[in-house]
Amino acid sequence: MDGRTPLSRREALLCLGAAGAACVACVGPRTNDPPDAPRTGDGDLDLVARNDAAVRDLLARQIVDPRSPNRGSSPDQYGFCTAHAAASLVEAGAAALVHPRSRFAGDQDLLARLALAAGFLERAQSPRGNVDLVVTNFDSPPDTAFCVHGVATAAAIGRRHGRPELAELLRPFLVKAGQGMAQGGVHTPNHRWVVCAALAQVHGLFPDERLVRRIDEWLAEGIDIDGDGQFTERSTLVYSPIVDRSLVVVAELLGRPALLEPVRANLRALVFLLHGDGEVVTEISRRQDQNTRGGVAPYWFPATMLALRDGDGEFAALARMAAAGARLPALLEYPALSAPLPAAVPLPADYVREFPETGIVRLRRGPVSATVLLREASRLLTLRSGDAVLEGLRMASAFFGKGQFVPASGAWKDGVCTMQQELEAPYWQPLAEQVTPASWVASKSRRRQSELCRLQQWAEVREVAGGLQLRLRAHGTNGVPVAVELCFREGGELVGCREVEGSPGRWICDGEAGEYRVGRSVLRFGPGAA
């Protein structure tokens, strides 16, 4: 009914063969490993074992029933079987198939299971060549691009490491996907570069100048990076590393070294967006990773590529920090990643740095790290000392339901951060005309105002010996209650505060000082006004 490809005889035979090999751990461990198996610059990270474990898990969940329309894929936590699940198996499985240290090296049963996944990928495509992200996007070129990244990597691995049949197995999906992406649109800024990388990968395997022309159309818009080294979405944990990787791939495959400049700028900015334990600042994100937690592992690919290309010590330090993000398929697709990293240069750990376009000031004194958000954020400040973390400081007033202090403007001058906001709340007089429910809101612009209330909220943050001094002010209408909220990360102990009766987890500081302790790490604050 939807024009998608029915079961072929070849796939049916492969399904039957794979069903008889449902026990995926039937191949014994390999011995006599060759000395030139891929390694990272800092030694073997057991990537083969990690990849093998992923393959075992994916194969255990893969549907092999020839009667199932989902044969070749595997269900996610919601029971959906997607092209992305099949692509994950294809990518990890290709790496295992060609790597001499893998327990699946040369395994024909694995190859048959990859053929099942390839068949599902073809059936999952729309007539345009796109796939769905079933939780939100349908007939989606950018989600097709995310899927193509892994599938094209598998095909490239096959060609590079003596299994060209892998590329031929995946050719129908990739060629059709390339046609879809060469015509399709995007939703978000990063999608442009994700699509460009996928098009470059397909072109590298199955050359088609139409794909390059489409890449050039997107690149003609210019790379969306600002003077602070941030892409439009400022997504430090998710989309910034995705954009970095995409631009590196296009630069490598199409010989466009100028595309590496924005990657360098983003990585240079990243070194000032790290806490002492390597956690990344996420307060600035405009996407779903805002105020979430994570390290630099997603940056392993671009940091390693540029550390090796540039001989850059800071990038080498980032790459070492990000080593947990290393992946066997990437090493097999880009063998240069296995070269020894250059000597690391210590990353900055003692600084005050403004990001004027982003609207933040970063302070770092070794294990003490703070972010002041100068505008358009309800969290005015985040602070940590070792393991003790203040995830946000906020101020709000009971001012007509709109008293949350979200600075409209802010500035950093002579080491002092100031933020301010002005609020107004009027009452409205009668209007000499009939007002319906539908016209009530519009009528306010024509009404005379009275009892106009105003409130100015202001904050100042400056560094002092041993910490930060914060001054807060709410000025204007008399008698407006104001609250200052300190939001500490879970897992510590509050001292010098009293718990609010009937509100577990909420405390009031009404003395000269309070403390938040996590092990030997302490944040002190006060005085409290209750």
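Hydrogens, waters and symmetry mates play no part in the numbers below; they use all other heavy atoms, side chains included.
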Exercise for review: In plain terms, say whether Asp312 and Arg264 are close enough for a salt bridge, that is, a side-chain N and a carboxylate O under 4.0 Å apart.
Suggested key: no
*Ignoring hydrogens and angles, tell me if any N or O in the side chain of Arg123 forms a donor-acceptor pair with the backbone of Arg71 under 3.5 Å.*
yes
Asn130 side chain reached by Ser140 side chain, heavy atoms, under 4.5 Å:
no
| query | Do Thr382 and Glu283 have a side chain donor and acceptor closer than 3.5 Å? | reply | yes
For this session: Please confirm whether the backbone N or O of Leu205 pairs with a side-chain atom of Arg159, one donor and one acceptor, at under 3.5 Å?
Result: yes
Step-by-step salt bridge (charged side-chain N to carboxylate O under 4.0 Å, His left out) determination, Glu279 to Arg384: CA-CA 11 Å; Glu279 189 174 307; Arg384 66 182 63 199; 3.1 Å; yes
> What orientation do His187 and His191 show, parallel under 30°, tilted 30 to 60°, or perpendicular over 60°?
Replying inline: tilted
Ile225 and Pro262 have their tightest heavy-atom pair at CD1-O, 3.3 Å
Donor-acceptor contact below 3.5 Å, side chain Thr236 vs main chain Val281 = yes
* Would you say His99's side chain and Ala94's backbone share a donor-acceptor pair under 3.5 angstrom? -> no
Exercise for review: Before accepting this row, confirm whether a basic side-chain N of the pair Arg364/Asp350 lies closer than 4.0 Å to the acidic partner's carboxylate O.
Suggested key: no
Applied to residues 201-243, the ring-ring contact (aromatic ring centres under 6.0 Å, His included) test, sequence neighbours excluded, yields none
- Item | Under 3.5 Å donor-acceptor, Asp132 side chain and Asp139 backbone | yes
Can a donor-acceptor pair be found, under 3.5 Å and without considering hydrogens, that links the side chain of Arg286 to the backbone of Thr232? yes
- Answer yes or no: is there an ion pair linking Glu391 with Arg379, defined by an N-O contact shorter than 4.0 Å? no
Would you call Glu490 and Arg293 a salt bridge, using N to O less than 4.0 angstrom? yes
Please determine whether a side-chain nitrogen of the Lys or Arg among Arg327 and Glu91 lies less than 4.0 Å from a carboxylate oxygen of the Asp or Glu. yes
Worksheet item: Do Val248 and Leu259 come within less than 4.5 Å of each other through their side chains, counting heavy atoms only?
Response: no
Donor + acceptor pair across side chains of Arg362, Ser369 (<3.5 Å): yes
ask   = Does a side chain donor of either Arg394 or Gln404 reach within less than 3.5 Å of an acceptor in the other side chain?
value = no
dist Leu472:CG -> Glu460:CD (nearest 0.5 Å) comes out at 10.0 Å
- Query: Is there a donor-acceptor pair closer than 3.5 Å between any side-chain N or O of Tyr351 and the backbone N or O of Phe272?
  - Reply: yes
Arg163 bridged to Glu168 by N-O distance under 4.0 Å: no
Any donor-acceptor pair under 3.5 Å from Asp289 side chain to Leu237 backbone: yes
Practice problem: Output yes when Glu314 and Arg268 qualify as a salt bridge under the 4.0 Å nitrogen-oxygen rule, no when they do not. | Solution: yes
Tested for side chain to side chain contact (heavy atoms under 4.5 Å, CB included) against Leu393, the lone hit among Leu373, Val372, Leu380 is Leu380
One should read off an interatomic distance between Phe104 CZ and Leu97 CG, to the nearest 0.5 angstrom, of 10.5 Å
Margin query: Using salt bridge (charged side-chain N to carboxylate O under 4.0 Å, His left out), reason through Arg192 and Glu221 one step at a time and then give a plain yes or no.
Written below: CA-CA 10 Å; Arg192 295 170 295 172; Glu221 297 186 0; 2.7 Å; yes
* To do: Could you check Gln183 against Arg128 for side-chain hydrogen bond (donor to acceptor under 3.5 Å, both in side chains), going step by step and ending with a plain yes or no?
  => CA-CA 9 Å; Gln183 300 176 39; Arg128 292 184 182 87; over 6 Å; no
Mark yes or no for whether Ser240, through its side chain, and Ser235, through its backbone, hold a donor-acceptor pair below 3.5 Å.
-> yes
- Query: Do the non-hydrogen side-chain atoms of Leu273 and Ile360 ever get within less than 4.5 Å of each other?
  - Reply: yes
inquiry  = With a 3.5 Å distance limit and no angle check, can you tell me whether Glu357 reaches the backbone of Gly227 through a side-chain donor-acceptor pair?
reply    = yes
Discussion item. Check Arg210 with Asp208, please: is the shortest side-chain N to carboxylate O separation under 4.0 Å?
Written reply: yes
Between Gln290 and Thr282, do the side chains contain a donor N or O and an acceptor N or O under 3.5 Å apart?
no
From the list Val134, Asn70, Asp76, side chain to side chain contact (heavy atoms under 4.5 Å, CB included) with Cys81 holds only for Asn70
Assess whether salt bridge (charged side-chain N to carboxylate O under 4.0 Å, His left out) is satisfied between Arg365 and Glu463, documenting all intermediate values.
CA-CA 11 Å; Arg365 304 298 183 204; Glu463 185 179 12; 2.9 Å; yes
